[in-house]
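Read the structure below first, then the notes.
Predicted, not measured: the structure shown is a model, and the values here were computed from it.
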Amino acid sequence: TLDVAGDIGLNSLLRHNDDSNTYLRFLDDVMDLLVGGVKPIAFSTTSTHINPQNADHNFLVDASGSAAPVGPADNAFFVEGSSGNVGIGTNSPAAQLEVEQASAGGQTAVLIDNDDVDQIALSIAAANTTAHTVDITAANTTTNVINITADDCLASGAGIAIDHNDGATTAVAPFGIKYDFDKDGVTADTVTSAYTGIQVNMADAATNHAGSTLTMIGMDIDVDSASNAGANTNIGLDIKATDATNNYGIVIITDDAAGSADIVMKSDADNADYAVLAAGANGALTIQTVDAGGAAADLTLIVDGDITATA
């Protein structure tokens, strides 16, 4: 027993008896610890250095409530000495950073709370060419795989914005957004199911001022080419619906009120010139042509066959 009511001065080492390579060493403004010849930590005036020898030495932090050797808060923070991988909630991280939460974790696994209004909360700079930049494997049944809530915040921005620039000169066939859905389960007898590839649900829930002007567009498609050299083709919307009992390319339900239309087709030369198709009560169909600058909105039918009318 050593009982000192004051200071102890050491020139260099505080060594464990009968263990020559386990000691606490003091140098000028430096202190380090060696255990079995491995230096797990070193201190200086400028840094606290964990594993300065780059040894195969794990760094482990447990939290309150953990029970050795296995407990609910073991591996709160873990650095694998052999790889440098970091694990939160795991002592075998399979990536540079792996966050693992047990089935009874009871909290969000990763939370980013950014209150700096002019800084990006999460930035990913990837040079991927043959692997996904973000990969999500989900087992959701009644919740969303990705859920975005934007309340009273978008004045001119977008909920999701994709800026895709492609300088390819060889044959390519990329997709801006691709949704590949395969139904491989048999719908059972008396079961009614409905699947939707893309759903846009926009609602104006306010009573606007009588002098206001508001336009809501469910889907806006603009396909443009800088020139028509070569054999280039622009298709605004390509729809195929086949092999079901009933196949419909487009189903449109529009208000039957005056001034409404199911389809409005505008002239590229003058957008004020247009034609209208409107289906109303009892299936009545109205075809209207409008020439804003005159009365030349003719209706021309070019038929390669018969025109048949059935009353």
Determine the minimum heavy-atom distance between [X] and [Y], stating which atoms define it.
{"X": "Thr242", "Y": "Asn247", "result": "C-OD1, 3.1 Å"}
{"X": "Gln53", "Y": "Gly37", "result": "OE1-O, 3.6 Å"}
{"X": "Asn208", "Y": "Ser212", "result": "CB-OG, 3.5 Å"}
{"X": "Ser260", "Y": "Asp255", "result": "CB-O, 2.9 Å"}
{"X": "Val134", "Y": "Ile124", "result": "CG2-CD1, 4.1 Å"}
{"X": "Ala261", "Y": "Ala278", "result": "CA-CB, 4.1 Å"}

Among pairs that include at least one residue of [range], which meet side-chain hydrogen bond (donor to acceptor under 3.5 Å, both in side chains), considering only residues two or more places apart or in two chains?
{"range": "residues 20-42", "value": "Asp19-Thr22, Arg25-Asp32, Asp32-Lys39"}
{"range": "residues 270-295", "value": "none"}
{"range": "residues 96-117", "value": "none"}
{"range": "residues 176-189", "value": "Lys183-Thr187"}

Using atom types as modelled, flag every donor-acceptor pair under 3.5 Å from a side chain in residues 157-172 to any protein atom, sequence neighbours excluded.
residue: Asp166; atom: OD1; partner: Ala168; partner atom: N; Å: 2.9

Flag yes if [X] and [Y] sit in one hydrophobic cluster, no otherwise; membership is Ile, Leu, Val, Met, Phe, Trp, Tyr, and two members link when side-chain heavy atoms are under 4.5 Å apart.
{"X": "Leu14", "Y": "Ile8", "answer": "yes"}
{"X": "Val99", "Y": "Val86", "answer": "yes"}
{"X": "Ile217", "Y": "Ile253", "answer": "no"}
{"X": "Leu34", "Y": "Ile50", "answer": "no"}
{"X": "Ile250", "Y": "Ile263", "answer": "yes"}

What is the distance from atom [atom1] of [X] to atom [atom2] of [Y], rounded to the nearest 0.5 Å?
{"X": "Thr90", "Y": "Asn75", "atom1": "OG1", "atom2": "CG", "answer": "6.5 Å"}
{"X": "Leu122", "Y": "Ile112", "atom1": "CG", "atom2": "CD1", "answer": "4.5 Å"}
{"X": "Met31", "Y": "Ser44", "atom1": "CE", "atom2": "OG", "answer": "10.5 Å"}
{"X": "Ile239", "Y": "Leu237", "atom1": "CD1", "atom2": "CG", "answer": "4.0 Å"}
{"X": "Asp151", "Y": "Thr149", "atom1": "CG", "atom2": "OG1", "answer": "6.5 Å"}
{"X": "Asn91", "Y": "Asn85", "atom1": "CG", "atom2": "CG", "answer": "12.5 Å"}

With sequence neighbours excluded, residues passing salt bridge (Lys or Arg N to Asp or Glu O under 4.0 Å) with Asp262: none
How about [X]: does its [atom1] atom have over 12 heavy atoms from other parts shown lying under 6.0 Å from it?
{"X": "Leu97", "atom1": "CG", "result": "yes"}
{"X": "Ile148", "atom1": "CD1", "result": "yes"}
{"X": "Ile177", "atom1": "CD1", "result": "no"}

Taking the side chain as every heavy atom from C-beta outward, state whether [X] and [Y] have any pair of such atoms under 4.5 Å apart.
{"X": "Asn58", "Y": "Phe78", "value": "yes"}
{"X": "Leu277", "Y": "Met265", "value": "yes"}
{"X": "Ile41", "Y": "Thr48", "value": "yes"}
{"X": "Phe59", "Y": "His57", "value": "no"}
{"X": "Ile302", "Y": "Asp304", "value": "no"}

Check which hydrophobic residues are tied to [X] through side-chain heavy-atom contacts below 4.5 Å, counting indirect links as well, and list them.
{"X": "Phe175", "value": "none"}
{"X": "Ile307", "value": "Leu301, Val303"}
{"X": "Val200", "value": "Ile198, Met202, Leu214, Met216"}
{"X": "Leu27", "value": "Val30"}

Before you tell me yes or no, could you show the steps for Ile136 and Ile146 under side chain to side chain contact (heavy atoms under 4.5 Å, CB included), namely the whole-Å CA-CA distance, both residues' side-chain angles and the distance that decides it to 0.1 Å? CA-CA 9 Å; Ile136 298 175; Ile146 298 177; 3.8 Å; yes
Which residues share a ring-ring contact (aromatic ring centres under 6.0 Å, His included) with Tyr195, sequence neighbours left out: Phe181
Under a plain distance cut-off of 3.5 Å, with no hydrogens placed, do Asn232 and Asn228 share a side-chain donor-acceptor pair? no
Is it true that Thr196 and Gln199 share a donor-acceptor pair across their side chains at a distance under 3.5 Å? no
Considering the options Leu60, Asp62, Ile88, which one meets the side chain to side chain contact (heavy atoms under 4.5 Å, CB included) requirement together with Phe77? Ile88
Under the side chain to side chain donor-acceptor pair (under 3.5 Å) test, residues paired with Ser82 that sit two or more places apart: none
